[in-house]
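Here's the structure, in structure tokens; my notes come after.
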Amino acid sequence: MAERYWRGDIETMPREKMKALQSERLVKQVRHVWNNVPYYRALMEKKGVTPDDIHGTEDLHLLPFLCKDDLREAYPYGMLAVPLSDCVRIQSTSGTTGKRVVAFYTQDDIDLWEDCCARAIVAAGGTRDDVCQVCYGYGLFTGGAGLHGGSHKVGCLTLPMSSGNTERQIQFMMDLGATILCCTPSYAAYIGESLREAGYRPEDNKLKAGIFGAEPWTEEMRREIESLLGIKAYDIYGLTETSGPGVAFECFEQHGMHINEDHFYPEIIDPSTGEVLPDGEKGELVFTSLTKQAFPLLRYRTKDICVLSRGECSCGRTLVKMSKPMGRSDDMMIIRGVNVFPSQIETVLLREGYSPNYRITVDRVNHTDTLDIDVECTPEQFSDTVGDLYALEKQLTAAIYNMLGITPKVHLVAPKSITRSEGKAVRVIDKRKKYD
Ligand code: ADP
Ligand code: ZN
């Protein structure tokens with residue numbers, strides 16, 4: 001019988017006890033950072049706050065924020081809080097939004113990170129009897145390393161596939177009877193599509209669950225992947241700056257991700273004023289690392305936009321939940337004055353029966369923003385007459401207009417003409433950047 005939790009004592013801890021644990025850890029952590037990270041100490045001094053002012057999580061708001069630019073400025077060693085000789089690993093961000101940032105880990109930091117990933121795998125039904133295929137990239141990217149370590153901890157037979165070589169992924173998946181698949185949602189969709197093309201039905205594989213994250217994905221995308229692969233698809237969230245995947249994970253409710261808040265303390269702030277918002281309000285997620293020793297970031301602004309909720313969960317976990325991030329604040333495009341997230345467009349495409357293969361191009365022509373969306377049609381649609389395709393484009397344009405309030409130019413393109421992603425998908429080309 002599968003265990004329900006990896007760390008039941010923590011995952012179901014009464015709230016008061018959790019708050020006490022967090023406060024105790026925070027007080028220690030602030031002292032650790034003050035003593036060892038001159039960069040952050042200077043920020044605290046500038047704000048007129050010292051470790052003596054921090055008695056518990058209720059005082060957290062007194063501390064200064066950190067953001068990616070701070071990490072770039074302090075690159076590579078400026079945030080290091082232990083001697084380099086105590087570190088056993090570095091990992092690095094994917095560089096999705098600019099220059100890469102490196103993070104350092106002691107052995108204890110690695111252990112707690114892998115422990116968080118083990119919690120995610122167990123929440124997705126994983127046990128020592130499972131065969132866990134890890135096709136997140138291995139190497140500097142945290143996806144492969146994190147899930148790999150978690151899978152070992154749980155005792156799954158781990159297939160360290162890394163990303164790419166989809167034919168081999170499928171061969172190993174089928175030959176070795178993989179039961180859990182870990183990769184980005186866009187790669188899961190690609191693997192599912194490739195399986196179907198190779199003549200497999202969803203019931204031909206032994207997969208029962210997938211643990212997908214590292215990029216935004218919609219509920220519609222979840223249903224698409226679940227039906228392609230015949231599995232339950234679980235979300236997992238994390239970022240290199242806090243450790244990697246496993247900061248938050250979904251349980252069987254598939255409704256928000258439980259945050260491992262014994263290690264990562266979350267706040268939601270108004271991104272423009274920095275004011276802390278109450279639970280239930282949408283804003284930017286900020287994390288304070290309560291336990292990590294080598295790279296302990298306090299009040300790190302993730303730029304991810306989501307909502308926190310503390311309602312009871314039927315899985316029994318008391319850990320606070322974060323909603324699926326709808327994208328980073330930097331993913332948000334302002335087109336003709338309207339805020340647009342790629343995830344809104346993805347929702348419409350899948351709802352209208354198209355595949356999750358699309359590309360968004362934004363440009364500026366005669367001082368007006370343009371929004372072009374290339375969408376793959378099915379082989380059947382593609383063999384239709386030009387008139388039929390035109391009618392489909394018109395219909396899709398109207399559906400997107402209903403969602404966004406602006407009219408895009410939709411182009412139905414040939415099946416397979418949009419490059420598939422093996423890691424984080426690049427969905428948007430914003431050509432306006434050259435005018436800035
Ligand atoms: P980079 O910032 O260069 O992409 P990372 O590889 O550390 O570096 O990626 C972390 C970011 O990936 C997060 O801040 C978030 O924007 C995104 N991300 C990770 N997991 C998820 C998820 N489950 N849903 C949406 N976005 C996610
Ligand atoms: Zn739950």
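Numbering of ligands and ligand atoms starts at 1, following listing order.
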[atom]: nearest protein contact (heavy atom, Å):
atom	result
atom 3 (O) of ligand 1	G95 N, 2.7 Å
atom 4 (O) of ligand 1	T96 OG1, 2.5 Å
atom 14 (O) of ligand 1	D304 OD2, 2.8 Å
atom 24 (N) of ligand 1	E215 O, 3.2 Å
atom 17 (C) of ligand 1	A214 O, 3.7 Å
atom 12 (O) of ligand 1	K424 NZ, 3.2 Å

For ligand 1, find out whether one of its N or O atoms is nearer than 3.5 Å to an N or O atom of [X].
X	result
F212	no
W217	no
T302	no
I236	yes

>> Just to be sure I'm reading this right: ignoring hydrogens, which of G213, P185, S92, S94 gets closest to atom 6 (O) of ligand 1? Compare them by their nearest heavy atoms.
In response: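 Looking at heavy atoms only, S94 sits closest to atom 6 (O) of ligand 1.
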Are any of the heavy atoms in [X] under 4.0 Å away from ligand 1?
X	result
D235	yes
R100	no
K303	no
R328	yes

> Could you go step by step and tell me if K321 and E250 meet the salt bridge (Lys or Arg N to Asp or Glu O under 4.0 Å) rule?
Replying inline: CA-CA 9 Å; K321 278 181 172 183; E250 260 182 352; over 6 Å; no
Under 3.5 Å: donor-acceptor pair, side chain of [X], backbone of [Y]:
X	Y	value
D262	I10	no
R7	T12	no
Y40	P64	yes

> H148 vs Y138 aromatic rings, parallel, tilted or perpendicular, using cut-offs 30° and 60°?
Replying inline: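 It falls in the perpendicular class, over 60°.
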> Which word best sums up how the rings of Y105 and W113 line up, parallel for under 30°, tilted for 30 to 60°, or perpendicular for over 60°?
Replying inline: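 Rings of Y105 and W113: parallel, under 30°.
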Does the distance from a Lys or Arg side-chain N to an Asp or Glu carboxylate O, for [X] and [Y], drop under 4.0 Å?
X	Y	answer
D374	R359	yes
D130	K208	yes
E197	K416	yes
E219	R222	yes

> Angle subtended at the Zn ion (ligand 2) by NE2 of H258 and SG of C251, to 10 degrees?
Replying inline: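 Between NE2 of H258 and SG of C251, at the Zn ion (ligand 2), the angle is about 110°.
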> C251 and Y234: which non-hydrogen atoms are nearest, and at how many Å?
Replying inline: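 The pair with the smallest heavy-atom distance is O-CE2, 3.5 Å.
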> Quick one: is the NZ or CZ of K153 closer than 6.0 Å to the six-membered ring centre of W6, and within 45° of its axis?
Replying inline: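 Not satisfied by the 6.0 Å and 45° rule.
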> Passes salt bridge (Lys or Arg N to Asp or Glu O under 4.0 Å), D369 versus R336? Steps please.
Replying inline: CA-CA 6 Å; D369 296 331; R336 287 172 231 151; 6.0 Å; no
>> Under 4.0 Å, heavy-atom basis, I'd like to know which part of T240 is in contact with ligand 1: side chain, backbone, both or neither.
In response: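 Both backbone and side chain of T240 come within 4.0 Å of ligand 1.
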> When you look for heavy atoms under 4.0 Å from ligand 1, do you find them on the side chain of M326, its backbone, both, or neither?
Replying inline: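 Answer for M326: neither.
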>> Under a 4.0 angstrom heavy-atom cut-off, which atoms of ligand 1 come close to P325?
In response: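 In order of number, 24 (N), 25 (C).
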>> With heavy-atom distances below 4.0 Å as the criterion, list the atoms of ligand 1 near F141.
In response: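 It comes down to these atoms of ligand 1: 6 (O).
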> How about C313: does one of its N, O or S atoms come closer than 2.8 Å to the Zn ion (ligand 2)?
Replying inline: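 Checking C313: at least one N, O or S atom is under 2.8 Å.
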